[in-house]
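Have a look at the structure below, then the notes.
Note that the structure is a prediction, hence the values are computed from the model and not measured.
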Amino acid sequence: MGSLIEELEAREVAARVWVEELEAEVAELAGKLELARESRPHPRPDQASGPHRRRSSASHRALL
C-alpha cells in the first residue's frame with residue numbers, strides 16, 4: 001500500500017485528466033452549438049411568432 005501522499009497525488013492526476021477531458025468535451029459541444037445557431041433559418045422581422053411576439057393593444061385588452 002502506498003503512502004497517503006502518493007494516493008493523494010494519484011487522485012490529483014486523475015482529477016486533472018478528468019477536467020481536461022471535460023474541457024475538451026465542452027469545447028466540442030460549443031462548436032456544435034455555434035454551427036447549429038449559424039445554420040438555423042432566421043425569421044424575418046415581419047414574421048415574428050412564438051412566446052416573445054408582442055401582442056396588439058386589442059388582443060392585450062381582451063386578455064384583461
Side-chain angles (χ1 to χ4, degrees):
M1 184 171 138
S3 72
L4 180 57
I5 298 297
E6 290 171 339
E7 178 67 24
L8 291 173
E9 288 173 347
R11 288 183 183 192
E12 182 181 9
V13 169
R16 288 183 191 274
V17 168
W18 185 52
V19 167
E20 290 173 1
E21 291 170 353
L22 289 175
E23 288 173 338
E25 188 175 346
V26 166
E28 180 184 351
L29 291 172
K32 287 180 179 181
L33 177 60
E34 185 63 28
L35 288 173
R37 285 180 172 160
E38 290 173 358
S39 67
R40 71 178 175 175
H42 298 286
R44 295 189 333 237
D46 62 332
Q47 294 178 331
S49 63
H52 302 293
R53 190 178 91 201
R54 294 194 58 142
R55 298 178 192 267
S56 69
S57 296
S59 64
H60 181 69
R61 280 191 293 271
L63 294 173
L64 297 177

Mind listing the side-chain donor-acceptor pairs of residues 7-15 below 3.5 Å, one per line with the distance, residues two or more places apart or on another chain?
from, atom 1, to, atom 2, distance (Å)
Glu7, OE2, Arg11, NE, 3.2
Glu12, OE2, Arg16, NE, 3.3
Glu12, OE2, Arg16, NH2, 2.6

(request) Could you list who else is in Trp18's hydrophobic cluster, with ILVMFWY side chains joined at under 4.5 Å, directly or through other members? (result) Leu22

(request) Determine which pairs satisfy salt bridge (charged side-chain N to carboxylate O under 4.0 Å, His left out) with at least one residue from residues 32-42, sequence neighbours left out, and list them in order. (result) Glu28-Lys32

(request) Return the set of residues passing salt bridge (charged side-chain N to carboxylate O under 4.0 Å, His left out) with Glu25 (not counting sequence neighbours), or none when no residue passes. (result) none

